[in-house]
Amino acid sequence: MGEIPFNFLNYLEGKIGEIARECCAFGSDFQPTVRPADAQFGDFQANGILSYGKRRGTNPRQLAGQLLAALEKDSDFSARARAEVSGGGFLNISLRAAALGEWLAAYGGAEEFRRAAAAATDLAGRRIVLDYSCPNSAKQMHVGHLRSLAIGDCLYRLLSFFGAKAIRDNHIGDWGTQFGILLRQLRVEGVDLASIPAGEGLDLLESLYRKGNGEVERSPEALAEARRELVALQNGDPGRLASWKKINELSYESFQKIYDLAGVEFDLVLGESFYRNSVGRVYGELLQCGIAEENGGALAVFHREHGRFREQPFLVRKFDGASNYAATDLATVLYRVETLGAEEILYVTDGRQRDHFEQLFLTVKKWFSAKGYPLPTLRHVWFGTVCGVDGKAIKTRSGEPVRLQELFDSAIAQAAEILAEKNPDLPPDERKAVARAVGVGALKYGDLSQNRTSDYVFSLGKMLSFEGNTASYLQYALARIGAIRRRAEGESVRAATCLEPATAEERAFARRLVLFPIALLATLEDLRPHLLCGYLYELACEFSSFYDSCRIFGEAEEVLGRRLGLCEVAANFLAMGLQLLGIVPLHRM
Ligand code: ARG
């Protein structure tokens with residue numbers, strides 16, 4: 001027999017395709033697809049025979065029968081699985097208990113699993129820049145900023161797990177229009193930035209900004225003044241640069257508090273302003289390649305071949321010569337390719353920026369091909385809106401966005417209350433750490449478990465619940481296994497090395513474990529963390545029903561050892577999965 005397949009879905013697709021072509025004379029257009037099946041029908045279902053048969057004008061059930069007979073003759077396949085024809089021409093496939101046992105022995109340990117995962121894709125060493133979080137300076141992070149933070153951090157962990165060289169870059173919005181407005185307002189009100197006490201800066205700046213924004217919306221003169229402020233700043237006026245620097249420091253201080261709390265880190269925090277001296281090259285090259293058109297001071301790229309963008313140019317320089325979001329983003333791609341060696345760039349932002357990124361990607365493609373620069377893979381990993389119960393973007397009662405810092409604080413406080421009630425014996429020190437892990441985990445998981453391209457209704461109560469698809473439910477399942485492990489240690493009993501399931505309950509549990517790589521690879525493929533969340537939730541449920549119906553302690557040594565071993569593999573996977581989501585795994589709570 002060949003080596004033990006890490007990913008059975010892949011193995012089965014390969015094997016069925018091979019046998020069909022080699023032993024049953026199927027054409028090369030036969031592409032079987034295998035997916036995990038509903039447990040009552042087996043472990044996997046193979047499709048593709050139906051459509052192939054229809055194309056050939058041959059009865060699909062007959063073809064499926066032929067294929068089944070050939071598969072049964074293949075010693076590698078039949079040692080691992082059993083199949084039957086079903087419906088109009090599917091194959092239902094079940095793994096043999098021995099194959100499940102062998103897989104668990106080979107990949108059930110955290111280290112073994114990690115090694116196999118790193119070899120399962122071609123991501124090893126691939127340089128991928130992840131652009132996420134990226135709040136705008138001078139404003140507080142609000143609930144909407146949770147998404148980019150949670151999703152970006154999770155994707156970083158996932159890509160690194162599979163061996164990619166991922167680089168986290170926090171592209172702060174620190175060079176845009178808000179500075180013109182803010183600098184003008186500081187001047188009008190005579191505010192001295194140096195006198196702002198540490199820790200309070202951002203509140204003040206935010207209210208000044210809001211006021212200033214109102215004024216530029218009402219008065220064309222104020223708007224012109226704000227524009228002149230921005231141009232003066234971008235031209236390097238020393239006084240304005242000093243204020244700008246102070247504003248950024250005050251802002252980043254408050255962002256850093258949230259990052260620390262959320263356990264999120266960055267390799268680079270360059271920001272839009274980092275590219276202020278590189279935009280000139282961008283303008284020059286776009287003009288030289290005939291991609292951009294000048295109109296007064298403005299510079300625009302037209303994608304006339306593109307339906308939607310025919311009438312909607314990509315503005316890369318404003319009429320007054322100021323650089324904009326598009327200009328710095330273009331310079332950023334160049335820097336990431338030339339200096340960071342990026343082969344791929346992922347942008348994690350909300351879906352309202354889809355047009356911006358589509359136009360950015362089109363422009364980069366034309367520009368880089370004209371110049372002969374290596375073209376990176378560019379992907380916009382966009383997400384939907386966080387809504388209030390009314391279905392609209394979530395706001396406080398006074399109409400302001402809900403602050404992220406306050407959300408984290410109240411999630412941690414509520415977690416502490418729940419824990420005090422559920423487990424009053426937890427020592428105070430540990431309770432604090434556990435409350436933080438539960439509170440922060442609840443928020444992150446609440447976000448990650450939603451399909452990223454959908455909007456979702458925010459409910460802290462639901463996120464913190466110990467029931468249902470929540471972080472606490474997973475953390476609690478892990479803690480229950482932790483208690484089993486501690487008891488086993490106390491009684492000096494050990495997990496068995498042979499984990500071949502012997503009862504229906506053990507089999508169901510083992511089968512769920514074997515599906516872990518498949519869930520991870522699906523998450524990676526689509527860059528959708530909710531797929532991993534869904535798997536971990538099912539695994540926690542499976543453990544729970546296993547533990548409710550099967551005794552561990554008090555069974556004969558062999559049975560006890562096997563069940564203990566299954567629980568240990570589940571704990572390894574739950575802990576690994578939570579870590580990949582950026583959530584602290586708890587072995588006691
Ligand atoms: N600062 C932007 C915002 O708040 C997000 C930046 C995303 N990254 C980028 N390279 N454009 O919407």
Side-chain angles (χ1 to χ4, degrees), residues 1-17 32-39 42-46 76-77 80-81 93-124 126 154-164 166 448 474 478 499-501 507-543 565-581 585:
M1 260 201 316
E3 85 181 82
I4 300 162
F6 176 58
N7 172 351
F8 272 111
L9 194 152
N10 237 346
Y11 165 78
L12 291 170
E13 282 183 352
K15 179 60 90 183
I16 293 170
T33 52
V34 175
R35 55 182 177 81
D38 212 44
D43 300 324
F44 297 98
Q45 184 181 79
D76 193 85
F77 177 88
R80 297 207 155 102
I93 302 167
S94 297
L95 297 174
R96 293 187 189 278
L100 291 169
E102 212 180 40
W103 189 95
L104 291 167
Y107 306 117
E111 265 328 297
E112 289 79 0
F113 188 90
R114 217 180 287 276
R115 226 174 297 127
T121 69
D122 50 12
L123 278 174
R126 185 168 169 83
C154 168
L155 297 182
Y156 166 76
R157 291 165 188 269
L158 193 68
L159 289 164
S160 308
F161 184 82
F162 281 99
L448 293 170
L474 300 185
L478 187 57
L499 301 185
E500 186 175 323
R507 195 194 183 288
F509 195 14
R511 159 194 197 271
R512 182 68 61 191
L513 292 166
V514 165
L515 295 177
F516 187 36
I518 295 163
L520 279 178
L521 287 161
T523 308
L524 185 69
E525 168 102 23
D526 263 13
L527 303 177
R528 287 184 199 271
H530 80 283
L531 298 173
L532 174 56
C533 296
Y535 170 80
L536 293 174
Y537 175 57
E538 284 169 354
L539 174 58
C541 293
E542 198 80 62
F543 157 72
L566 288 170
C567 289
E568 287 197 351
V569 177
N572 291 340
F573 290 1
L574 280 170
M576 243 189 283
L578 284 168
Q579 253 153 3
L580 285 171
L581 296 171

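If you read the sequence from its start, that first residue is 1, and numbering goes on from there.
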Counting only pairs under 3.5 Å, give me each side-chain donor-acceptor contact of residues 513-522, with atom names and distances, residues two or more places apart or in other chains.
none

Pairs satisfying salt bridge (charged side-chain N to carboxylate O under 4.0 Å, His left out), at least one member in residues 527-536, at least two apart: Asp526-Arg528
With Gln579, which residues qualify under side-chain hydrogen bond (donor to acceptor under 3.5 Å, both in side chains), at least two apart?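 Partners of Gln579 by the side-chain hydrogen bond (donor to acceptor under 3.5 Å, both in side chains) criterion come out as none, since no residue qualifies.
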Partners passing side-chain hydrogen bond (donor to acceptor under 3.5 Å, both in side chains) against Arg507 (at least two apart in sequence or in another chain):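 Counting only residues at least two positions away or on another chain, Arg507 forms a side-chain hydrogen bond (donor to acceptor under 3.5 Å, both in side chains) with Asp43.
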Could you measure the distance from the CG atom of Leu532 to the OG1 atom of Thr523? Nearest 0.5 Å is fine. 5.0 Å
Measure the CD-CZ distance between Glu13 and Phe44 for me, rounded to the nearest 0.5 Å.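 Spacing of CD (Glu13) from CZ (Phe44) equals 10.0 Å.
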Listed partners of [X] passing side chain to side chain contact (heavy atoms under 4.5 Å, CB included), at least two apart:
X: Ser160; result: Tyr156, Ala166
X: Cys154; result: Leu448, Pro529, Leu581
X: Ala105; result: none
X: Ala46; result: Ile16, Val34, Leu91, Ile93

Measuring only between side-chain heavy atoms, which start at C-beta, is Tyr537 closer than 4.5 Å to Cys533?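 No, their side chains stay 4.5 Å or more apart.
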By salt bridge (Lys or Arg N to Asp or Glu O under 4.0 Å), which residues pair with Glu542, not counting sequence neighbours? Arg512
Using the test salt bridge (Lys or Arg N to Asp or Glu O under 4.0 Å), find all partners of Arg157 that sit at least two apart in sequence or belong to another chain.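 Partners of Arg157 by the salt bridge (Lys or Arg N to Asp or Glu O under 4.0 Å) criterion, ordered by chain and then number, come out as Asp153.
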Just grab all the side-chain hydrogen bond (donor to acceptor under 3.5 Å, both in side chains) pairs involving residues 3-12, residues at least two apart or on different chains.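 Matches after skipping sequence neighbours: Tyr11-Asp76.
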For the residue pair Tyr107 and Phe6, categorise the inter-ring angle as parallel (less than 30°), tilted (30 to 60°) or perpendicular (more than 60°). perpendicular
Would you find more than 12 non-hydrogen atoms of other residues, nucleotides or ligands less than 6.0 Å from Asp122 atom CG?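 No.
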Pairs of donor and acceptor atoms involving the side chains of residues 109-117, under 3.5 Å and at least two apart or interchain, shall be tabulated with distances.
| from | atom 1 | to | atom 2 | distance (Å) |
| --- | --- | --- | --- | --- |
| Glu111 | OE2 | Arg114 | NE | 3.4 |

